[in-house]
Structures are given as structure tokens and as C-alpha cells.
J.: 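Sharing a structure below in C-alpha cells format, with a few things to ask.
We name chains A, B, ... by the order of the sequence lines, and we start the count at 1 in each one.
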Number of protein chains: 2
Amino acid sequence: MAGIEEVARRAGVSTATVSRALSGRGYVSEATREKVTAAAAALDYVVSSNASSLASGRTRNVGVVVPFLNHWFFSSVIEGAESALLRQGYDLTLYNLTGGGEARKSVFDHFLLRQRVDAVIAIGLELTEAEVSSLHAMGKPLIGVGGPIPGVLSLTMDDVAVTRLATEHLIALGHTRIAHIGGGKEFDLDFHLPSHRRTGYEDALRDAGAPVDPALYRPADFTLPGGYDATKQLLGSPHNRPTAIVAASDEMAIGSILAARDLGLSVPGDLSVVGIDDHQLASFFGLTTVAQFPIRQGEHAVEALMHLLEPAHGEPSSADVPLPYELIVRSSTSRPPE
Amino acid sequence: MAGIEEVARRAGVSTATVSRALSGRGYVSEATREKVTAAAAALDYVVSSNASSLASGRTRNVGVVVPFLNHWFFSSVIEGAESALLRQGYDLTLYNLTGGGEARKSVFDHFLLRQRVDAVIAIGLELTEAEVSSLHAMGKPLIGVGGPIPGVLSLTMDDVAVTRLATEHLIALGHTRIAHIGGGKEFDLDFHLPSHRRTGYEDALRDAGAPVDPALYRPADFTLPGGYDATKQLLGSPHNRPTAIVAASDEMAIGSILAARDLGLSVPGDLSVVGIDDHQLASFFGLTTVAQFPIRQGEHAVEALMHLLEPAHGEPSSADVPLPYELIVRSSTSRPPE
DNA sequence: CTGAAAGCGCTAACAT
DNA sequence: ATGTTAGCGCTTTCAG
């Protein structure tokens with residue numbers, strides 16, 4: 001464990017110069033920089049991040065807070081964020097709030113505030129005003145992914161537009177009885193994602209002059225089994241059944257496909273299904289979907305943070321960034337049956 | 001941002017006493033402890049983890065290294081580890097090695113060694129000797145989950161026994177033509193998990209006096225589509241087809257079920273399927289499986305670490321800990337067709 | 001462009 | 001049981 005002093009001695013300079021040479025802050029001549037780098041390498045020197053943080057006030061560490069880990073979307077965003085942070089020389093410390101209220105309070109009080117992190121990325125989480133303002137009071141940048149947080153720079157998909165696009169795809173194919181499987185009320189707490197998606201669906205229908213039939217809406221829990229059950233309900237009545245389903249997530253959409261099969265209906269012959277996400281399994285099931293790109297969302301979040309954290313990265317944009325999405329047509333959608 | 005000094009002043013004691021009272025190390029009278037706690041609370045004081053780490057040499061932070069994030073097993077272990085660490089007042093910093101060689105080197109050289117972590121948990125990863133010894137040289141405890149690392153305390157399932165159990169379940173039901181979908185060679189690098197599982201399958205067969213037919217083995221990639229394809233191959237030949245399949249993971253087993261359906265075979269009427277994992281989707285598909293408990297594995301790992309890190313937790317056990325597993329019988333297995 | 005020196009905020013001997 | 005004091009290893013003014 002060589003220290004900065006040894007490096008300084010070996011390079012024949014002061015510790016201050018070593019610090020400047022290695023961190024890139026302040027003027028150092030090219031020649032000394034090389035000497036220092038060589039000495040550091042020879043000694044396997046790595047700065048002690050604690051000493052560095054204590055002296056500089058920067059930790060080069062960002063906290064990432066998620067409500068679940070065990071879910072495609074969250075782990076993908078984390079993956080993107082982690083690799084982007086690594087490239088910038090930052091660490092990622094993970095806080096999972098699955099535990100509930102107690103864990104949540106403890107995370108905010110004792111961990112995030114402990115000067116452990118330079119900034120926080122909140123994924124798919126609605127923070128309370130108190131949480132937001134305590135972070136801001138400490139000067140910690142906060143950035144949201146997957147939903148707008150009031151007063152906070154957020155990366156968010158236009159959820160209304162996304163389901164609208166999915167629904168319009170179906171309408172363009174000739175469907176008029178289009179059902180929607182959305183999220184239940186319990187998922188509406190964070191960002192009203194289910195409401196937004198439902199709104200997009202209804203907007204598309206209205207614009208096309210098609211009726212919005214409340215019987216064609218079913219809430220579910222974003223899981224495959226949830227989509228399966230909802231679909232069975234939707235298709236159960238022999239009369240007037242929908243010819244297409246827009247599901248608010250791919251997992252639910254896959255549940256729809258399986259339910260249709262179990263009822264002896266063919267997809268897309270008897271029923272068209274479109275999802276939202278472009279989940280890993282979507283292509284296996286031939287699912288038409290509107291892709292969101294969670295890995296890139298994580299990377300975006302980090303880029304935005306770097307603008308806030310490192311002046312060299314240029315001016316931060318203060319406006320919320322709309323995230324890209326894209327309709328991917330596979331084999332689960334076609335014209336409605338005659 | 002109140003500092004320790006203000007707390008000391010307010011409580012009418014020295015900073016050393018505040019430190020002792022708050023950290024629990026060293027003697028403090030009950031009365032002063034209360035005074036200090038009250039003062040700290042009143043000032044919203046939280047220790048600066050950097051200063052604390054610098055002075056004490058302990059970071060209360062553990063590094064968790066994984067090869068993937070986007071996978072049920074890994075995110076579950078992390079979830080278990082995270083909540084256990086939180087309870088102990090530790091942070092978890094996450095290192096994802098998906099990026100490949102470059103990222104891996106950078107993680108070990110610049111992050112883990114930067115005195116950022118007190119210990120490392122490696123999940124499903126085979127570390128090189130150099131990696132292991134550099135950690136040990138720094139006095140960082142290392143503990144493996146999901147596979148044995150030579151010279152390192154590891155939590156590992158008995159993979160041979162697990163597939164043996166799955167296979168014996170099928171044999172007990174009367175099956176004799178039992179196929180196995182294992183992992184391909186490319187997955188054998190880390191811990192030879194595929195080989196072990198295959199061995200358990202073959203052992204069970206031999207013990208029962210059933211023939212081991214190489215034609216009944218198929219490698220796949222642990223994914224649902226991989227299991228699907230492998231199963232189609234296995235069931236393709238009209239003669240002498242297996243009546244049961246042991247898949248080395250639930251995702252592959254679910255692929256098997258879907259493949260069987262697509263071929264017009266009923267599960268379990270024509271084909272019994274058993275998986276390994278007890279994945280979230282297993283119960284939806286009625287999949288009989290051998291459960292492993294990744295969340296608990298993460299918790300176990302943390303407990304083991306605490307024994308190494310905090311003397312108060314008692315003696316560390318130096319032997320590798322065998323992880324529990326359990327056969328869960330659902331509706332994908334039954335007696336073979338007549 | 002480089003060096004000297006004063007901390008960053010806390011912990012751990014060592015005294016008492 | 002509590003206070004005193006000397007660092008932990010680096011960064012950053014401030015001089016030069």
C-alpha cells in the first residue's frame with residue numbers, strides 16, 4: 001500500500017504535485033506528469049478514496065435508489081448506469097427500497113446523507129418533498145429515471161404517446177375492438193404511469209372515432225400471470241370479444257398470448273397483441289411492442305449527472321429529457337379476423 | 001451539516017466520547033450515551049463516513065461483483081445481500097463485469113483496491129488467483145456465492161445432488177427415458193456447473209440401472225429460447241423419444257414446456273419436465289423444480305462476512321457452507337404415458 | 001509550474 | 001468512564 005509520499009519521493013516532487021498530476025486538476029508540466037505517472041505505476045499506487053474524499057469533499061460515488069431489483073427494467077437501468085459510471089471513474093452504491101418504510105427512512109437518513117455519495121439517481125420512484133429537499137439542501141444533485149419528480153431533472157418516457165402509438169398500430173391494421181390491460185391503482189402512486197398509458201390508448205381510439213368501452217379495460221399487476229388472468233377475463237365472453245389487446249408491459253402481453261392460446265385462439269389470427277418494453281423475451285414470443293431502452297436510460301442519467309458534477313462536461317440542461325421509444329413490429333399483430 | 005464537535009459541545013462531553021457513544025465501541029455510561037444521542041438527533045448529525053473510514057480504516061462498505069445483472073439469480077442474491085448489509089449498517093457497492101476484460105481489470109485495480117470496501121462478495125464468478133491474492137494481500141475478506149473459489153470461503157449448492165434429486169423424482173415416477181438439457185461448454189468456465197449437473201443426472205440414472213444415452217443430452221444457454229430449441233430437437237424424432245426432461249434451469253424448463261405444447265404433446269401427460277431454481281415464473285407454469293434460495297444465499301453471504309469483519313459476531317466458520325435446496329412438486333411431472 | 005503547510009472530520013491510543 | 005492528542009492520507013490555498 002504505497003502512499004502519496006512514496007510516489008512523491010520516487011518522482012522527486014512534492015505530494016501536492018503528485019496529487020495534481022494524478023487528478024488532472026491544476027497545472028503540471030508534461031514532463032513531471034510523466035515522471036509521476038511512472039512512479040505511481042511502479043509502486044502500484046492507488047489513491048485512498050477516503051482521504052481524497054475527506055480532503056476534497058468529492059466522493060466519486062453515486063447512490064442509485066430503486067424500488068425493486070428483481071425486475072427487467074430496473075436491473076437494465078442499473079446496468080447502463082453502472083457501466084457509464086465506471087467509465088467516468090465513479091462507483092455506484094445501490095439502495096434497494098423493497099423492504100418498505102423502515103428501510104427507506106434509514107437509507108435516506110443514514111446512508112445517502114452520510115456524505116457517501118456525490119449525487120443520487122432515483123429509478124422509478126416518487127420521492128417525497130422532504131426527501132428531495134434534504135438532498136438539495138446538502139447540495140447533492142438528484143436525477144430521476146422512469147418518471148418525473150417535481151422540481152427534479154428527470155428522464156422520462158412520454159407514456160401517453162407510447163400507448164397511443166401501440167394503439168394506432170392496431171387501428172391502422174383495421175382493429176376497432178381493442179382492449180387495454182393497464183396497471184392497477186396500486187401502481188399509480190409512482191408517476192401515474194398506468195393512467196398515462198391508459199390515456200394514450202383512449203386518445204388513439206377517440207381520434208380514430210372508435211368507441212371507448214370501459215368493459216375493454218382491465219387492471220393487472222405488470223406480471224405475466226397478471227396479464228394472463230386479465231386476458232382470460234377479456235376473452236371469456238363469447239360475444240363481442242376484442243380482436244386486439246394493448247398491454248402496458250411486455251410481461252403482461254406475453255401472458256395475453258399464452259391465455260389466448262389456452263383458449264384455442266390463435267395470435268395474431270384471432271387476436272393481435274402489442275406490449276410495451278421490448279423485454280428480453282419479446283422476440284421469442286414474436287411480440288410486437290413499443291421498445292424503451294432502459295440500458296441507455298441508465299447511461300443518459302449518468303451523462304446528465306456528469307454535467308452537474310464535472311464542470312468540464314459543459315452546461316447542464318435543465319429541461320426534462322424525453323426518452324426515445326420505437327414501435328417494433330413482430331408477429332403478434334395482424335389484420336383482424338373477417 | 002453539524003460536525004462531531006458541535007454534538008460534543010451540546011452534550012457537554014468530548015468528541016471522543018461522542019464517537020464512542022455513537023459507534024458503540026468503548027465504554028460510555030448509559031447517561032452520557034443518552035445525552036449524546038439526544039444532541040446528535042437534535043442537530044441531525046450523521047458521521048462523515050469518509051472521515052470515519054480514514055481514521056479507523058473501516059469503510060462499512062462491501063463490494064459485490066457480478067457477471068450479469070439482468071438475471072434472476074444474480075439480482076436475487078444482490079437483493080438478499082443488500083438488505084442484510086443495510087441492517088448491519090453497511091453499504092453495498094456494485095461492480096458489474098458484463099463489460100468484459102477491460103472493465104474487469106479496471107474494477108480490480110482501481111476500485112476494489114482503492115480502500116473503498118472492507119470486503120468483497122463475488123457472485124457466480126471464478127476469480128483468478130491473482131485477483132484472489134491481491135484481495136487477500138490487502139486484508140480484504142472475500143466470499144464466493146454460487147460456486148467454489150479455490151482458497152476462499154464459498155457458499156455453494158451441491159449441484160450434483162440437485163440434479164440427482166430432480167432425476168430421482170422422475171425415476172420414482174416410473175420414467176426411464178429421461179433427457180437432460182444442460183449448459184453448454186461456454187458456461188462450464190465458472191465452477192463447472194453444467195458438468196456437475198450433468199453428473200448428478202447420470203449418477204441417478206446409473207444407480208437406478210437405467211441406461212445413459214448420450215442422444216438424450218442437449219447443451220443450451222440457460223435461456224428460455226435455448227431450452228425451447230433443445231427440447232424440439234429432443235422430441236423431434238418420432239421414435240424412442242424421452243418421456244421426461246431434466247433441465248438445468250427453470251427458464252430452460254419453461255422453454256421445454258412451451259416446445260412440448262407446440263409439438264402437440266401434453267405436459268405432464270406425454271412429457272414430464274423438471275427444472276432447477278424455483279424461478280418467479282415456475283409456479284405459473286406449474287413447473288416441478290428443485291428450489292435454490294438466492295435471496296437467502298445473499299443473506300448468508302453477509303452473515304458469513306460479518307463473522308469475518310466484526311469480532312462481536314463470533315468465530316468465522318472456515319468450511320464451505322452447503323446451501324439448502326428443496327424439491328417442489330407441481331404439475332409438470334407425473335407417471336410416464338403407458 | 002511547483003512546494004509548504006494547513007486542514008478535511010473523525011478515531012484510537014494513552015492518560016486520567 | 002471520559003478527556004487529550006496525534007494522526008488517518010490526501011487536497012488545496014497560498015507563496016514563490
Side-chain angles (χ1 to χ4, degrees), chain A residues 1-37 39-40 43-61 89 110 113-116 118 138-139 310-311, chain B residues 1-37 39-40 43-61 89 110 113-118 138-139 309-311:
Chain A
M1 276 305 300
I4 197 173
E5 202 126 351
E6 298 171 57
V7 177
R9 210 153 34 219
R10 184 173 180 123
V13 297
S14 71
T15 61
T17 301
V18 172
S19 174
R20 282 189 286 252
L22 261 25
S23 71
R25 305 175 183 274
Y27 298 102
V28 185
S29 77
E30 197 41 52
T32 35
R33 162 172 276 109
E34 274 168 25
K35 266 191 308 189
V36 171
T37 317
L43 296 169
D44 278 331
Y45 170 76
V46 277
V47 296
S48 153
S49 63
N50 286 312
S52 169
S53 300
L54 182 57
S56 69
R58 271 174 270 99
T59 66
R60 297 187 79 80
N61 185 31
H110 294 290
L113 298 182
R114 247 200 201 180
Q115 304 218 13
R116 286 231 165 202
D118 288 341
M138 313 232 17
E310 316 246 358
Chain B
M1 278 305 301
I4 197 173
E5 203 127 349
E6 297 170 57
V7 178
R9 211 153 32 222
R10 183 171 180 125
V13 297
S14 71
T15 60
T17 301
V18 173
S19 175
R20 283 189 285 252
L22 262 25
S23 71
R25 303 173 182 274
Y27 298 102
V28 186
S29 78
E30 197 42 52
T32 34
R33 161 172 277 109
E34 273 167 25
K35 267 192 306 192
V36 171
T37 317
L43 295 168
D44 277 332
Y45 170 77
V46 277
V47 296
S48 154
S49 62
N50 287 312
S52 170
S53 300
L54 183 56
S56 69
R58 270 174 273 99
T59 66
R60 297 186 79 80
N61 185 32
H110 294 291
L113 298 182
R114 248 199 199 177
Q115 305 219 9
R116 287 232 165 200
V117 299
D118 288 342
M138 311 231 19
L309 255 23
E310 315 245 358

J.: For DNA chain C, whose closest nucleotide is more 5', that of A:E30 or that of A:Q115?
T.: A:E30
J.: Side chain of A:R20: nearest nucleotide among D:dT12, D:dG3, D:dC8?
T.: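 In terms of side-chain proximity for A:R20, the closest of D:dT12, D:dG3, D:dC8 is D:dT12.
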J.: In whole Å, I'd like the distance from the CZ atom of A:R60 to the P atom of D:dT11.
T.: 11 Å
J.: Under 4.0 Å, counting only non-hydrogen atoms across every strand here, what does B:V13 touch: a base, just sugar-phosphate, or nothing?
T.: sugar-phosphate
J.: Hey, does the side chain of A:S48 come within less than 4.0 Å of D:dG9's phosphate (OP1/OP2), counting only N and O?
T.: no
J.: Between atom CG in B:L22 and atom P in C:dG9, what is the gap in whole Å?
T.: 17 Å
J.: Quick one, B:V47 with B:I4, criterion side chain to side chain contact (heavy atoms under 4.5 Å, CB included). Give me CA distance, side-chain angles, the key distance, then yes/no.
T.: CA-CA 7 Å; B:V47 296; B:I4 197 173; over 6 Å; no
J.: Roughly how many Å is it from CG in B:L54 to P in D:dC10, rounded to a whole number?
T.: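 Atom-to-atom, B:L54 to D:dC10, this comes out as 9 Å.
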J.: Among C:dG9, D:dA1, C:dA12, find the nucleotide with the atom closest to the side chain of B:R58.
T.: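 From the listed options, C:dA12 comes nearest.
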J.: Can you find a side chain N or O atom of A:T17 that sits less than 4.0 Å from OP1 or OP2 on C:dT2?
T.: no
J.: Under 4.0 Å between a side-chain N/O of A:S52 and OP1 or OP2 of D:dT11, yes or no?
T.: yes
J.: Between C:dC10 atom P and A:R116 atom CZ, what is the distance in whole Å?
T.: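 It works out to 13 Å between those atoms.
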J.: Looking only at side-chain atoms of A:A16, point me to the closest of C:dT11, C:dA5, C:dG9.
T.: C:dA5
J.: Do side-chain atoms of A:E6 reach the backbone of A:G3 as a donor and acceptor pair under 3.5 angstrom?
T.: yes
J.: In whole Å, I'd like the distance from the CD atom of B:E34 to the P atom of D:dA1.
T.: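 That distance rounds to 15 Å.
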J.: Output yes when a side-chain donor or acceptor of B:D118 lies under 3.5 Å from a complementary backbone atom of B:R58, and no otherwise.
T.: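 Looks like no, no N/O pair under 3.5 Å.
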J.: From CZ of A:R25 over to P of D:dC10, roughly how many Å is that when rounded to an integer?
T.: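 To the nearest whole Å, that distance equals 16 Å.
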J.: Has B:S19 got a side-chain atom pairing as donor or acceptor with B:T15's backbone, closer than 3.5 angstrom?
T.: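 Checking the backbone N and O of B:T15 against the side chain of B:S19, no donor-acceptor pair under 3.5 Å is found.
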J.: Can you tell me which nucleotide in D:dT2, C:dT2, D:dC8 comes closest to the side chain of A:S29?
T.: C:dT2
J.: Is the distance from OP1 or OP2 of C:dT2 to the nearest side-chain N or O of A:T32 less than 4.0 Å?
T.: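 Indeed, a polar side-chain atom of A:T32 lies that close.
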J.: Given D:dC10, C:dT11, C:dC1, identify the nucleotide with an atom nearest to the side chain of A:Y27.
T.: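 Of the candidates, C:dC1 comes closest.
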J.: To the nearest angstrom, how far is A:E6 atom CD from D:dC8 atom P?
T.: 13 Å
J.: Could you tell me how far apart A:I4 (CD1) and D:dG9 (C1') are, to the nearest whole angstrom?
T.: 8 Å
J.: Does either side chain, that of B:S52 or that of B:S49, offer a donor lying less than 3.5 Å from an acceptor on the other one?
T.: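 Side-chain D/A pair, B:S52 to B:S49: absent.
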J.: Which nucleotide in the set D:dT11, D:dC10, C:dC10 lies at the smallest distance from any side-chain heavy atom of B:A55?
T.: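 Closest of the options to the side chain of B:A55: C:dC10.
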